[in-house]
Amino acid sequence: MRHDVAMTASHTTPATPSATDATDGIAWLAAPRSIVYGGYSVLLARGLGSGELVDRFAATVLGPERAVCPVGEVTGEELVELLEDEYGGVHEEIALRHGEHEGWAYAVMYGGWPSELGSLLPVSRDGAHVFHLVFEEENGKPVPPWFTYVHDERLLCAFNLHLDRSWGHDGVEGEPEAAAPLQRLLNAAGLPDENLPHRDAHRVSLEVLERHFALTLPRARILGTALPAVVLESD
């Protein structure tokens, strides 16, 4: 049962969408360099506009206080070039492009977000449903892709999308009423499977999440269209 939420060139070139690619859902994130070199970090929310989602997220980033500085509507490639040209390098600051699609607010991160992500619980205050999908694809440790769902400043469920013990947990953690049904759906989809390649486990986990929570991201718009963007400038 679906859970009702009611609610440099190599660094800039993602996988190219074709006419046969699905443009919505979230399973497309499992493709190599699906958005940008280095991995992805995406927020989805109900109960918030995308601008409010960005503002709330900015307040949770670790380190110095960040000023949310709009930079107009840009493509992902243009935003990476801006970070390189105006901020001393693509990893010096965190930037986000954001928008709204089929009832969801979303924000896609660029730049130096790895190791700078704090608790998302405050982002979900006042009844917001907030989902985070993150994968440090080029991290040599390696770090598996991760999913988190928070609501009203509570962790409802979270898990490693490889569903193995490579990063401490091989199942869904969180509040039983949210975590247990999701675990059953993942098991029904054949996970965990120690013989399944990580890329396939990643994709199957995303497919389960997509169906269960009706999560969707506009792939063609994110990869090829200018969207409102901000840079989180540190002091």
Side-chain angles (χ1 to χ4, degrees), residues 8-17 21 23-26 28-29 31 33-118 120 122-124 128 130-138 148 215-235:
T8 66
S10 65
H11 290 263
T12 63
T13 305
T16 302
D21 285 330
T23 56
D24 295 327
I26 59 170
W28 60 270
L29 290 172
R33 300 182 184 180
S34 57
I35 295 179
V36 70
Y37 179 88
Y40 62 77
S41 183
V42 177
L43 295 168
L44 286 145
R46 286 198 187 276
L48 293 175
S50 67
E52 177 68 12
L53 175 61
V54 167
D55 288 343
R56 289 189 183 191
F57 167 75
T60 70
V61 174
L62 301 177
E65 184 175 348
R66 314 282 176 134
V68 179
C69 300
V71 294
E73 295 193 1
V74 295
T75 66
E77 184 172 349
E78 289 168 339
L79 186 55
V80 171
E81 290 175 353
L82 177 71
L83 290 171
E84 290 176 337
D85 295 343
E86 302 294 332
Y87 290 90
V90 68
H91 299 297
E92 295 303 310
E93 301 286 6
I94 300 171
L96 302 97
R97 296 167 66 233
H98 61 93
E100 297 176 14
H101 177 68
E102 295 186 3
W104 292 98
Y106 62 88
V108 180
M109 299 181 205
Y110 298 79
W113 55 264
S115 303
E116 299 295 331
L117 303 179
L120 289 176
V123 183
S124 69
V130 179
F131 300 79
H132 186 211
L133 294 155
V134 59
F135 183 31
E136 294 183 35
E137 188 172 9
E138 305 299 328
T148 304
L215 299 174
T216 184
L217 284 165
R219 182 175 188 265
R221 193 182 306 172
I222 289 170
L223 297 187
T225 303
L227 293 170
V230 302
V231 175
L232 306 186
E233 294 187 357
S234 55
D235 293 337

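Residues: numbered from 1 along the sequence shown.
Every side-chain hydrogen bond (donor to acceptor under 3.5 Å, both in side chains) that Ser234 has, sequence neighbours left out, goes to Glu93. Under the salt bridge (charged side-chain N to carboxylate O under 4.0 Å, His left out) criterion, Glu233 pairs with no residue, sequence neighbours left out. With sequence neighbours excluded, the residues that form a side-chain hydrogen bond (donor to acceptor under 3.5 Å, both in side chains) with Glu52 are Arg56.
Atoms CG and NE2, on Leu43 and His98 in that order, are 12.0 Å from each other to the nearest 0.5 Å. A distance of 11.5 Å separates CE of Met109 from CD of Glu116, quoted to the nearest 0.5 Å. From Leu79, atom CG reaches atom CG of Leu227 across 10.0 Å, with rounding to the nearest 0.5 Å. Within the model, atoms CG of Leu48 and CG of Asp55 stand 10.0 Å from one another, a figure rounded to the nearest 0.5 Å. Once rounded to the nearest 0.5 Å, the distance linking CG of Asp85 with CD of Glu78 reads 11.5 Å.
Counting only N and O atoms by type, the side chains of Thr148 and His132 include no donor and acceptor under 3.5 Å apart.
By the 4.5 Å heavy-atom criterion applied to side chains, Val54 and Ser50 are not counted as neighbours. Between Val36 and Val80, the closest side-chain pair of non-hydrogen atoms falls below 4.5 Å. Annotation: side chain of Val42 is not in contact with side chain of Phe131 (no heavy-atom distance under 4.5 Å). With a 4.5 Å cut-off on side-chain heavy atoms, Thr216 and Tyr106 do not count as touching. Using a 4.5 Å heavy-atom cutoff, the side chains of Trp113 and Glu136 are in contact. For the pair Trp104/Leu215, a side-chain contact is recorded, criterion being any heavy-atom separation below 4.5 Å from C-beta on. The closest side-chain heavy-atom distance from Val68 to Leu232 is below 4.5 Å. Side-chain contact between Trp28 and Ile35: present, with at least one pair of heavy atoms (C-beta onward) separated by less than 4.5 Å.
No donor-acceptor pair under 3.5 Å is formed between the side chain of Arg221 and the backbone N or O of Leu217.
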